[in-house]
Colleague: 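Questions regarding the structure given below will be posed in turn.
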Amino acid sequence: MGFFNEENEEIAKEIVSRYPVARSALIPLLHLAQEQEGWITKPAMEQIAELTDTTSVEVLGTGTFYEMFKFHPVGKYLIKVCTNISCQLLGADELFEHVKTVLDIEEGGTTEDGLFTFEEAECVAACTEAPCFTVNYRYFHRASPELFDEVVVDLKAGESPLSKGCADDQGVMPEHGTLSRVRQQIPKTRSAGIKHPEEIKGPPSWIEEVV
Amino acid sequence: MVESPLQTGYVKHAPGFVENEGPKLITSRFKHTDSFTLDKYLSTGGYEGLRSSLNRLPNQVHDEVREASLLGRGGAGFPAGIKWGFPPEGVWPRYLVVNGDESEIGTYKDRLLMERDPHQLIEGVLIACYALGLSQAFLYVRGEMALAQERIALALDEAYKAGYIGKNILGTKFSVDIVMHWGAGAYIVGEETALIESLEGKRGMPRLKPPYFPAAIGLYGKPTIVNNVETLSNLPWILNNGASAYKGFGSESSPGTRMFAISGHVKRPGVYEVEHGVTTFRELFYDDNFCRGIRDDNELKMFIPGGGSAPWFFQEQLDLPLEASAVGAAGSMLGSGAMVVMDETTDAVKACLSVVRFFARESCGKCSPCREGTTWEEKILQRILDGDGRPSDIDLLLDIGDNISPGPYPAAAFSDEGLDAVPFPPSQTTICPLGPSSVAPIVSAIRRFRNEFEALITRRDPIPLSLKVEEVVT
Ligand SMILES: Cc1cc2nc3c(=O)[nH]c(=O)nc-3n(C[C@H](O)[C@H](O)[C@H](O)COP(=O)(O)O)c2cc1C
Ligand code: SF4
Ligand code: FES
């Protein structure tokens, strides 16, 4: 016990309670751990195992399958350039080289100041807006090298570059680990009631009353 | 970069979406900047399809969807109404899992539907749950889509508070919980049995078949319906307007509209809602109402008609309608509604490597023909491009492909060479279609551009990275 801070431990329990089987919360809890620490630590995996009724080896086994989980520290901003075909057709390779030069690191590396980690991305569903890159999974569409430079300037100055790319996304740029800045909350009084599958023997009671 | 008349203003609405002429069944709200809020949704007819459903019996709602012949939009095009009939009699509980894992190369539509109109999707989920008699659904959003997660979480919270989700929906007995789940980066999780494994907190590897449909054995071993985001987003309109009105759009075998993402070398790339079954590729790529032609008025060299897994089409296929059976007979598929257009300046071998590399990286590694085969395909293509190709490499590539997908591989007709079309789908020695998908670009490119492969193999210095061909031939 003891990795999650008090607030996150509450959130973790609330997430687990939404699933019929605790293990289903494993990936969301790994995200929560990454949100708290920026990467997945051993104590995090131990506590997630307890919360999801698994072992920390199972947590590691599941976690390492997924590319978004980092098992070592990464930069505050994770920059990913899409290098799949639609983006390549409109200059992704050139953008990739530019990013590498500006940050002065190899793909997969982190800058010395711990600010940026740079990775290749597989198609991020913005293909008509090519080429594109993301920073902490926030989109920048139709990206020119100049746009990238502006984003770096903003981030170094502690300002949010969000409105520069996909103007649909606004506000503060979260640090690596935070995805949605909003958490789903099911009010206890409004929930239909979540049960373990083995506790359910027939159709939901509402059917009889409707039919 | 591509000239787009929408370049400056349009991002205020839905970036990528093009508001053109034609019926808008599922993208009608995209033009509003606040399209994702409950207020906007309600003031534009939102949740009326749910109300209309709740006034009928669940099986009547199911009948309406069956009658509409709504085809799945996740790739396989299976009719939703028929799939919903698959759960075995008397086995409970049952679940609905929404597939929002969109990650096939070239595909961009589900993200828009989730970011721009999450309530429409939620209403679709509620209608499906009512028709199917369910009390819990999971909405699986791709891990990398932070904004979509945010919009869906917000919309779910609003809808719970306003009584559209949860206990006693709209004052009726109907009660269902919808939980947002989010992934963590793995293309293969889009395959429905892998999606279920992932939702169970495991590595996202596809399950052995049979059973072919998780409708028999799915989440926690219980009957589970998996539907794509776009499929479900159609339900509010269908329940509001009726199946016959829905069939007033599109063709008989492919009714309604579909969202297509056209990327690459067109003048106005974007996501378009298009009447299903009637529009042709040529209209889509060249008409003023759609993509307005190839950039710089170049010649079209090839295009991918339905996501990275689809065999390539060429000029000869431009007049085919956007209709599953016609495209299938011609040797490819509409798949995920993703078209990648490549002009004459594109290097076929590099394009082929690009697509193959994606599959090699995303192979889950469960079956050896896919795990080993895709790795070899990538290595061989890379060495050809590095100037280290061997004369036997072309046959070797085809032979590896034949191990993953034995027999003639689906391909477009090539009249110059007297080659007929090989219809879709391919055979497979693997658990899921990812392995065979890696063969599509290889067979397509070699069949059509064998000379480009041969030219590279006899050349001895590495070729620069970019996909542009000019730098290669100088
Ligand atoms: C490798 C692979 C990846 C897939 N990725 C997706 C995906 O990202 N989204 C999706 O909806 N379906 C995807 N599918 C199809 C699903 O397995 C499934 O057929 C679909 O979600 C069913 O929904 P529908 O009937 O509404 O189309 C994929 C299939 C395969 C084999
Ligand atoms: S075909 Fe490839 S991705 Fe699919 S199950 Fe086999 S190894 Fe995994
Ligand atoms: S290819 Fe880059 S976002 Fe799809």
Side-chain angles (χ1 to χ4, degrees), chain A residues 18 20-21 23-28 30-31 52 61-62 65-69 84-86 88-91 93-94 122-130 137-138 141-142 144 166-169 179-187 190-192 194 197 200-204 206-207 209-211, chain B residues 1-2 11-12 15-16 57 92-93 102-103 105-108 111 133 135-136 143-144 146-147 149-150 153-154 156-157 160 166-167 173-177 179-180 182-187 199-204 220 222 261 263-265 269-271 340 342 351 354-355 358 361 465-467:
Chain A
R18 281 184 225 155
V21 175
R23 182 165 180 162
S24 283
L26 208 151
I27 292 173
L30 281 167
H31 277 302
T52 55
T62 294
F65 184 80
Y66 299 92
E67 191 249 330
M68 287 173 75
F69 296 130
N84 282 169
I85 189 152
S86 303
Q88 269 185 309
L89 289 169
L90 294 175
D93 293 327
E94 291 77 0
E122 305 288 0
C123 177
V124 290
C127 324
T128 68
E129 307 313 292
Y137 305 102
R138 303 279 159 175
H141 289 155
R142 305 204 183 198
S144 58
C166 154
D168 219 27
D169 200 356
L179 291 166
S180 177
R181 292 164 298 189
V182 180
R183 266 184 240 287
Q184 184 188 1
Q185 271 168 337
I186 302 181
R190 292 283 317 126
S191 172
I194 289 151
I200 303 172
K201 299 286 174 241
W206 66 259
I207 295 187
E209 303 184 54
V210 168
V211 179
Chain B
M1 219 184 283
V2 175
V11 283
K12 291 199 182 69
L57 293 174
W92 299 93
E102 182 168 69
S103 14
I105 3 182
T107 313
Y108 175 27
R111 177 163 79 88
S135 59
Q136 196 171 16
E144 288 93 334
L147 184 64
Q149 292 156 20
E150 211 158 286
L154 267 173
L156 287 169
D157 283 359
Y160 258 105
K167 203 162 32 188
K173 296 289 176 195
F174 175 48
S175 302
V176 60
D177 281 316
V179 172
M180 184 181 88
W182 58 113
Y187 161 70
L199 185 51
E200 289 182 356
K202 300 177 188 147
R203 296 168 82 84
Y220 314 128
K222 303 295 177 188
S263 61
H265 296 149
V271 185
V340 184
M342 294 173 260
S354 173
V355 181
F358 172 78
R361 288 183 184 173
L465 248 178
S466 160
L467 274 172

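A note on names: the letters A, B, ... follow the listed sequences, proteins ahead of strands, and every chain is numbered from 1.
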Colleague: Contact between M342(B) and I85(A) at the side-chain level, heavy atoms closer than 4.5 Å - yes or no?
Modeller: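 SC-SC contact between M342(B) and I85(A) confirmed.
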Colleague: Just so I understand: if I count every heavy-atom pair under 4.5 Å between each of K201(A), R181(A), Q184(A) and chain B, which residue has the most?
Modeller: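 Top count of heavy-atom pairs under 4.5 Å with chain B: Q184(A).
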Colleague: Quick check for you: among A146(B), G183(B), G143(B), which has the greatest number of heavy-atom pairs under 4.5 Å with chain A?
Modeller: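 With the most close heavy-atom pairs to chain A, the winner is A146(B).
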Colleague: Please answer whether the main-chain N or O of G264(B) pairs with a side-chain N or O of S86(A) as donor and acceptor at a distance below 3.5 Å.
Modeller: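 Not confirmed, S86(A) side chain does not pair with G264(B) backbone.
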Colleague: Sort out for me which of E150(B), Q149(B), K202(B) touches chain A most, counting heavy-atom pairs under 4.5 Å.
Modeller: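 Heavy-atom pair counts peak at E150(B).
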Colleague: Between D157(B) and Q185(A), does any side-chain donor sit less than 3.5 Å from a side-chain acceptor?
Modeller: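 Q185(A) and D157(B) do not have a side-chain donor-acceptor pair below 3.5 Å.
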Colleague: Please rank R203(B), K173(B), E102(B), K167(B) by heavy-atom pairs under 4.5 Å with chain A and give me the top one.
Modeller: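 Answer, by heavy-atom pair count under 4.5 Å with chain A: R203(B).
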Colleague: Under the side chain to side chain contact (heavy atoms under 4.5 Å, CB included) rule, what do E122(A) and E144(B) come out as? Steps first, then yes or no, please.
Modeller: CA-CA 10 Å; E122(A) 305 288 0; E144(B) 288 93 334; over 6 Å; no
Colleague: If you count heavy-atom pairs under 4.5 Å with chain A, which of L156(B), L147(B), V340(B) comes out on top?
Modeller: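 Of L156(B), L147(B), V340(B), L147(B) has the most heavy-atom pairs under 4.5 Å with chain A.
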Colleague: How about K222(B) and I200(A): do any of their side-chain heavy atoms sit closer than 4.5 Å?
Modeller: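 The answer is no; the side chains never approach within 4.5 Å.
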Colleague: Heavy-atom pairs under 4.5 Å with chain A are the metric here; pick the option from A186(B), S103(B), G133(B) that has the most.
Modeller: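 Highest number of pairs under 4.5 Å: G133(B).
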Colleague: Can you check side chain to side chain contact (heavy atoms under 4.5 Å, CB included) on E200(B) and V21(A), steps first, answer last?
Modeller: CA-CA 8 Å; E200(B) 289 182 356; V21(A) 175; over 6 Å; no
Colleague: Under 3.5 Å, is there a donor-acceptor pair between the side chain of H141(A) and the main chain of A126(A)?
Modeller: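 No.
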Colleague: Is it the side chain or the backbone of P203(A) that comes within 4.5 Å of chain B heavy atoms, both, or neither?
Modeller: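 Both parts, heavy atoms under 4.5 Å.
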Colleague: Quick check for you: among L26(A), V124(A), V182(A), which has the greatest number of heavy-atom pairs under 4.5 Å with chain B?
Modeller: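 That would be V182(A).
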Colleague: Check each atom of R190(A) against the heavy atoms of chain B and say whether the ones under 4.5 Å are side chain, backbone, both or neither.
Modeller: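 Answer is both: backbone and side chain atoms of R190(A) are under 4.5 Å from chain B.
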Colleague: Under 4.5 Å between any side-chain heavy atoms of H31(A) and I27(A), yes or no?
Modeller: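 Side-chain contact under 4.5 Å: yes.
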Colleague: Given that the side chain runs from C-beta out, which part of L57(B) has a heavy atom under 4.5 Å from chain A: side chain, backbone, both or neither?
Modeller: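 Only the side chain of L57(B) comes within 4.5 Å of chain A.
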Colleague: Checking heavy atoms, do the side chain of S135(B), its backbone, both or neither come under 4.5 Å from chain A?
Modeller: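 Both parts, heavy atoms under 4.5 Å.
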Colleague: How far does CH2 of W92(B) sit from CD1 of I207(A), to the nearest 0.5 angstrom?
Modeller: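 With rounding to 0.5 Å, CH2 (W92(B)) is 4.5 Å from CD1 (I207(A)).
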Colleague: Please classify the contact of V271(B) with chain A as side chain, backbone, both or neither, using a heavy-atom distance under 4.5 Å.
Modeller: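 Interface part for V271(B): both.
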Colleague: Name the option with the most non-hydrogen atom pairs under 4.5 Å to chain A; the candidates are F358(B), Y187(B), Y160(B).
Modeller: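 Highest number of heavy-atom pairs under 4.5 Å: Y160(B).
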